[in-house]
Structures are given as structure tokens and as C-alpha cells.
There are 2 protein chains.
Amino acid sequence: MKDKRVTIDDVAAAAGVSRQTVSRAINDLPGISIATRERILTTAQQLGYRPSGIARGLANAGQRTRTFGVVVPTIDNEFYAAVLHGIKDLTSARDYHVFLVDTNEDPATEYRRIQSLFSLWIDGLIICSSRMEDQQLAEICSQLRPVILLNREFIHPHAGNVLIDDAEGTESAVRHLVECGHKRIGMILGMPVSRSSENRRQGYLRAMHQAGLPVEPGWMLHTGAQLDAAYTAGKPYLQAHPELTALVVYNDVRAAGLLRACAELGIAVPGRLSLASHDNITLASLVTPSLTTVDIPKYEMGRRGAVMMLDMLTDRRLQPETIRLTPRLVERESTATPNAKGAPIQ
Amino acid sequence: MKDKRVTIDDVAAAAGVSRQTVSRAINDLPGISIATRERILTTAQQLGYRPSGIARGLANAGQRTRTFGVVVPTIDNEFYAAVLHGIKDLTSARDYHVFLVDTNEDPATEYRRIQSLFSLWIDGLIICSSRMEDQQLAEICSQLRPVILLNREFIHPHAGNVLIDDAEGTESAVRHLVECGHKRIGMILGMPVSRSSENRRQGYLRAMHQAGLPVEPGWMLHTGAQLDAAYTAGKPYLQAHPELTALVVYNDVRAAGLLRACAELGIAVPGRLSLASHDNITLASLVTPSLTTVDIPKYEMGRRGAVMMLDMLTDRRLQPETIRLTPRLVERESTATPNAKGAPIQ
DNA sequence: CCGGTTTACGTGAGCGCTCACGTTTTCGAG
DNA sequence: CTCGAAAACGTGAGCGCTCACGTAAACCGG
């Protein structure tokens, strides 16, 4: 800290060569004999020389700082933690570093923090479940390449996509409930700004339509991201809609909140009310009853995104792709045939 | 991207002043009239000028890049996600950016990735539950200030500490079990490299000793970090030790794994076996039975660490502190009086 | 042993800022 | 009106690298 930093010039002087030759040795570039390369690397080692990423970034005008940003709505949700985990392994192996941005589910914060990241000359950006408008995404893509969008479709020559078919996932959940014999099925949605929530809503409506089942507007409810929020909002909702025998829930966290509400209201799950949710995070299999849920390949999503990003960074001519991953319904205890008489709950 | 970057010189030229004057305006430094400051800021705005953090970092020889590193053993565990959440709010508000490092619970990876981070001239470092040796920590502290250690005690003039009294937490859990009437109490430990695990083991031994209860070496078991690992290792352990009526578990994730093992073995919890664990993450209250657990103020831990770090960055003369947070036992369903006859399990 | 090519190096310049000065202008006291 | 100090602004230099060159040495066939 206090003792002067070791620079490339120090190494050059110690090895009796020019700065450029040291650079060649360090970066494994041609135009240097094997003997001198060895010698330079040894003295660099001895001096404890560590090339400055900052100076490198400046020198090549921000072409590569070996850093990129990863943006998630909230690190608190295991879903995003799993995505991050998929990104991390690749990153660590290739010696990149990631700036983590948590937007608190707020589009304005998302935009502001990403803009702020740009001053650090990041090489690329992975945005998970972006809540921003298309226009803002376009602006960001115009300033940077590549930008990889996870769980959010956006077409742009700089933007790659890793998507899961949200509508299809929800449809499969609704179909499952219909096959169980349910006719009055409600839906708990996510935040209004969430695209996934909207897509899943579309899937719900489509599946209900195809099954020839009616949907009341009051059967759909938006809730906050936290378990408590779903619990709080869910309680009056459940009381107001005793006619429902099944619910499709936006994600497992909210389903857990509803489970608690059901327990307090004396609504048996799946006896009186069946619950099917999305994500398949750890708690889905741990709560009682365990949750029937649409599994999203979270780790895979992160991993594929990171692969695309690093590939595009390695070969700048590479074009971004659109990868579609398929969700898969996992049947557990929270769904069952409605009670014999088909009687409304309560 | 393609269009040239806007630099400070572009702004200077456009505003008809020198580069330095623009710098004064941007950084709110004295020696500039209010009128010109306004004018410069306006033209900077119009040109879309964004000062380069990279160039700034280089220019002041790495005194402040407004970035720091956060190191966690694994982002997959909600515990660390919560700590990160506590760090994030402060960071975002003060416009700092964090490099996230996930070490995969491996000390060698931890060391390697931190060294690699140094080339990016980070201003500071927050290490959560470090698995490294004291000697390696000392080396890192000698290269950087401040370093904030969460959940790991280490004395160094550059290092701040935010600690929780692990031993005391475990003692309170054991005392609770003893008060319930348990006499043969085992312990499920974490990874051998984990300091928390070792501290909690000490607390367990001390509490057992104070209660005048015996401890068999075979009653202690190390397991991996994942739920499955605890489940797999726990099953034979439970079968081999039918004499135990209660278990103190290193953390909630492992307790959930044991719960599953118990269910499959037909061991009623808390009927035949009581479980008390640590952390109080979300799933602790969601599993059945809900877990009696030692609550660790995770968010607070992260927040206090971030506060200390940013304060020390703002005023470099500030000395690092050692903050001790107290754990608190949360009683739930997984602990109870052993069955009447005090009979061994099975 | 000589001209031309390859291989091995060295030399400026510059990336976009900040720092430590230097220079000019303003302005009020004597 | 003069002088000196404070305010307002400008001028190198340099942070630690890389890039595009330039130059000297080694090599090689004729």
C-alpha cells in the first residue's frame, strides 16, 4: 500500500529490456525470443509485478477491461442467485470480473446504475429480467456491445437473448389443473413492470380460453416480490374469492406466502385449493405441501448468457443469438383433484 | 459505440475553457466562478459527456476508483445473499460499484480471485466468512486498505471486523435444548474450513460441559454446504446414533436436509428428535416443522460493513473498528421436550 | 560476403484524466 | 491611482499501459 507500486518500467529496468518487450512477454505476444520471455517473467514474478487493469483499459481506449456488468432485480430472490451462479463459473475460469448491480426491481434505478457503470468502461452487460422500456434498452445497446438479455426479449444487433417460454410454462400449469378437474382457476401475478408476469398472464388467459373456461377480472392479483407482500395481499383475495378451487402463482416465493395465508384461513391445500407456481427454487420442495411448479432452468440461463457474452468478447465479429430454453412442470403435493362435490372453498 | 467517445477536452473546447476548468466544474472544486461552472455543466450535458472512471483511476494513481470487491463463499446460500443486500443499498446510494467474487467455498480460489481483483485497483474489499489462513489475510491487508471482514475475526491496522458471537449463539441453542430436558445432544457441523463452524463447535462443547453432559466424538459430523450433502451424510449418522434425542445443526440449509432424512427414516421431529439450527433464513420458517434457529442479523452485518468501508474511504484517517452483533434464538416447532420415557429414538 | 527477409527488440505518442504549479484578472485598501 | 492579495483560469507533466511504428541483429540462399 505505502510502498510504491511495481510498474512495467520497473520490470523493464530490472530485466534490462524495454517496456514494450516486457509487454510482449506478459501478454504472450510474438516478436520475442523464448529465453528473454522466460527471464522477464521470472523477474516480474520476483518483483511482484501485477499489470494494471486500469492502465490497460485506458491504453487501448476501453476495448477490453476484462470486466462486465450483471444486473438483477434483487439478489434476495434465489432465482437470481441461481442465475448469477451460472454466470460466475465461466467468469472465474476466464479471469473476468463482474460488477453486480441490484436494481431493487425499479426501472429508474436500473437505468441510472447501468449508465453509471458505463463510466467504468465495462466490456459488456448481462441484464436479467430487465424492467426497462424498449427505448431505454435500445439506448443502452447503442452504447455497448454485447448486451445479453436474460428472460427478456429484445431484438437489436448488439443484443443477445436467453429466453424461457413463460406463456407455455403457465399454459402447462393450467392444463395440469384442468386435467385435475378444476374449472375456476385464479392467478397471482408479479409486479406490473415484470415482463415474465405479463407473459405468464397471457399464457394463463390462453390456456383458460382453450379449455373453454371463464376468467373473471377479479381473479387476477398483482403482489409485491417479497413473501410477506404475497401473504398480506393474498389473505383478503382468498376470502373474497371462495369460488376458486385452484390458483396459478407467478413464483414460488409468492406461493409460499399464499400457503401461509391459507394455513391461517384454514384453507386446506390441496384439499380445498390447489396451487401451481413457477421457478422451482429450493423452498418449493421444502414447504408443506411441496409445490407443484414450473421449473425454470436458472443456472443454465446464466451459464448460456455468460458463454454468449464471453464468446462475443473473444471474437467481436460474432453475431448475438437468441436462445430459447424450455420450462418443465414439476408435479408435487400442492395440486390435486378438487374435492368430490366440486364445492366452493369454505 | 462506434461514434467517438466524448472526452473532457471535447467539453473544454466546446465551452471555450481549459481542460482543468472543466475538471473543476465536474468535480465541484473551488477556483471557478459560478457562471462558468453552470455553463460548463450545461455543455457537458449537451455533449453527453461522462467522465471516465478508468482515466480517473489512473490519473490519481489508484487512490479512488469508486469500486470495491465483495467476496462471498457462495452466492447460492440465502445467508450471503442477505449480507450482499445489506451492502448493496449503501453502495448504490453513494454511486460506488462492487465487484462480486464467489469463491465456491474454496480458500485457494478466494486468494487467487482477490489477487486478480487487485489489478483493477479496487478501493477496498469486503470479505464475508473468509476461508483463508491468517497469513494470506495479512498479505492482502498489507496491499490494501480498508479490508472489512464479516464473520471472521482478524486483527490488522487495515482491517475492520463485523462479527457475530457464534459460540454464544450455539450455547443459547444448547441451553434451550437442555432446558427442554435433553441430555444426549449431537452436532452437525459445516465445512472444516469454516471458522463459524469451529466457533459453533466450541460453543456446543462449552455448553454441554457447563450442563454437565457428556459428548461422544461420534456425535459430531461435518457435512457439505448443500442441502443434499447434509441429507446424504445425515441419514447414516442418524441411524448410527439412535441414542441422541436432539441435534444442534450448523445452519438451516443443513437442518432442512436432515429434516428430509428424518422423514424418510420415520424419525418424528420434534417427537423423537429435536433440531435447533443457525441463520434463520427464509426456509427456516417454511419447512415443516418450522425450525428453532439462532437468528444472525445478516442484512445488518452487510450494512455495517459497508458503512465502515465507505466511511474509511471518505476519511482515510479513520481507524477500523470491531463491531460485534448478537445472535438471538428464535424458538419454533422443531424443538420440544423429549418423549416421556426419555427412550432412545427408534 | 552481400542484399533482402525474418526475428528481435526499442521508441515515441497517446488513452482521459488529475495534480502541482504558473499566469492572468479582479478588486479593495491605502 | 497604485499595489498586493485573492479569485479565476491555464499549462505542463505524468499515471501505467498499448499501439504503430522504427531500427538493429540474425539468418540465408546465391
Side-chain angles (χ1 to χ4, degrees), chain A residues 1 3-41 43-44 47-67 118-123 316, chain B residues 1 3-41 43-44 47-67 118-123 316:
Chain A
M1 192 61 191
D3 40 338
K4 281 273 289 169
R5 218 186 289 269
V6 180
T7 77
I8 198 173
D9 287 310
D10 298 330
V11 178
V17 294
S18 78
R19 191 190 321 136
Q20 179 60 16
T21 302
V22 176
S23 177
R24 276 186 271 253
I26 298 292
N27 297 300
D28 212 38
L29 294 172
I32 183 176
S33 72
I34 297 172
T36 43
R37 183 195 305 280
E38 293 294 316
R39 186 163 48 89
I40 289 169
L41 290 180
T43 60
L47 295 178
Y49 169 67
R50 193 187 315 282
S52 162
I54 297 292
R56 273 186 173 155
L58 223 212
N60 52 203
Q63 280 304 290
R64 44 205 169 91
T65 50
R66 295 191 82 80
T67 65
F118 281 162
S119 70
L120 266 12
W121 291 6
I122 48 174
D123 288 348
R316 309 294 297 202
Chain B
M1 192 61 191
D3 41 337
K4 280 274 289 170
R5 218 185 288 269
V6 180
T7 77
I8 198 173
D9 287 310
D10 298 330
V11 179
V17 293
S18 78
R19 191 190 323 137
Q20 179 60 17
T21 302
V22 176
S23 177
R24 277 186 270 254
I26 298 292
N27 296 300
D28 212 39
L29 295 172
I32 184 175
S33 73
I34 297 171
T36 44
R37 182 196 305 280
E38 293 293 317
R39 185 162 50 87
I40 289 169
L41 290 179
T43 61
L47 294 179
Y49 169 67
R50 192 186 315 282
S52 163
I54 298 292
R56 275 186 171 155
L58 224 213
N60 53 200
Q63 282 303 291
R64 43 205 170 89
T65 51
R66 295 193 81 81
T67 65
F118 281 162
S119 70
L120 266 13
W121 292 6
I122 49 175
D123 288 349
R316 308 294 297 203

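So that the names make sense, note that chain A is the first sequence line, chain B the second, and so on, each numbered from 1.
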Partner set under salt bridge (Lys or Arg N to Asp or Glu O under 4.0 Å) for Arg66(B), not counting sequence neighbours = none
ask   = Considering residues at least two apart in sequence or located in another chain, which fulfil the side-chain hydrogen bond (donor to acceptor under 3.5 Å, both in side chains) criterion with Thr36(B)?
value = Ser33(B)
message = On a heavy-atom basis, which atom in Ala55(A) and which in Ser52(A) lie closest, and how many Å separate them?
response = N-OG, 3.0 Å
request  = Take Ile32(A) and Ile40(A) through the side-chain contact (heavy atoms from CB on, under 4.5 Å) test and state the conclusion after the steps.
outcome  = CA-CA 11 Å; Ile32(A) 183 176; Ile40(A) 289 169; 4.2 Å; yes
task = Determine, for nucleotides 13-18 of chain C in 5'-to-3' order, which nucleotides have protein heavy atoms under 4.0 Å from the base (write B), from only the sugar-phosphate (write S), or from neither (write -).
result = BBBBBB
message = Under 4.0 Å, heavy atom to any atom of DNA chain D: which of residues 28-38 of chain A qualify?
response = none
request  = Please round to the nearest 0.5 Å and tell me the distance separating atom CD1 of Ile54(B) and atom CZ of Arg56(A).
outcome  = 12.5 Å
task = For the pair Leu120(A) and Thr67(A), evaluate side-chain contact (heavy atoms from CB on, under 4.5 Å) and give the outcome as yes or no after the intermediate values.
result = CA-CA 9 Å; Leu120(A) 266 12; Thr67(A) 65; 6.0 Å; no
ask   = Bend angle of the helix from dC1(C)-dG30(D) to dG30(C)-dC1(D) from five-pair axes at both ends, rounded to 10°?
value = 40°
query = Is it true that Asp9(B) and Arg19(B) have a side-chain N and a carboxylate O under 4.0 angstrom from each other?
reply = yes
request  = Using atom types as modelled and distance alone, determine if a side-chain donor or acceptor of Asn60(A) lies under 3.5 Å from a backbone N or O of Gly57(A).
outcome  = yes
query = Counting distance only, does the side-chain N/O of Thr43(B) pair as donor-acceptor with the main-chain N or O of Ala14(B) below 3.5 Å?
reply = no
inquiry  = Any side-chain N or O of Thr21(A) below 4.0 angstrom from OP1/OP2 of dG10(C)?
reply    = yes
request  = Report the residues that fulfil salt bridge (Lys or Arg N to Asp or Glu O under 4.0 Å) with Arg37(B), sequence neighbours left out, ordered by chain and then residue number.
outcome  = Asp28(B)
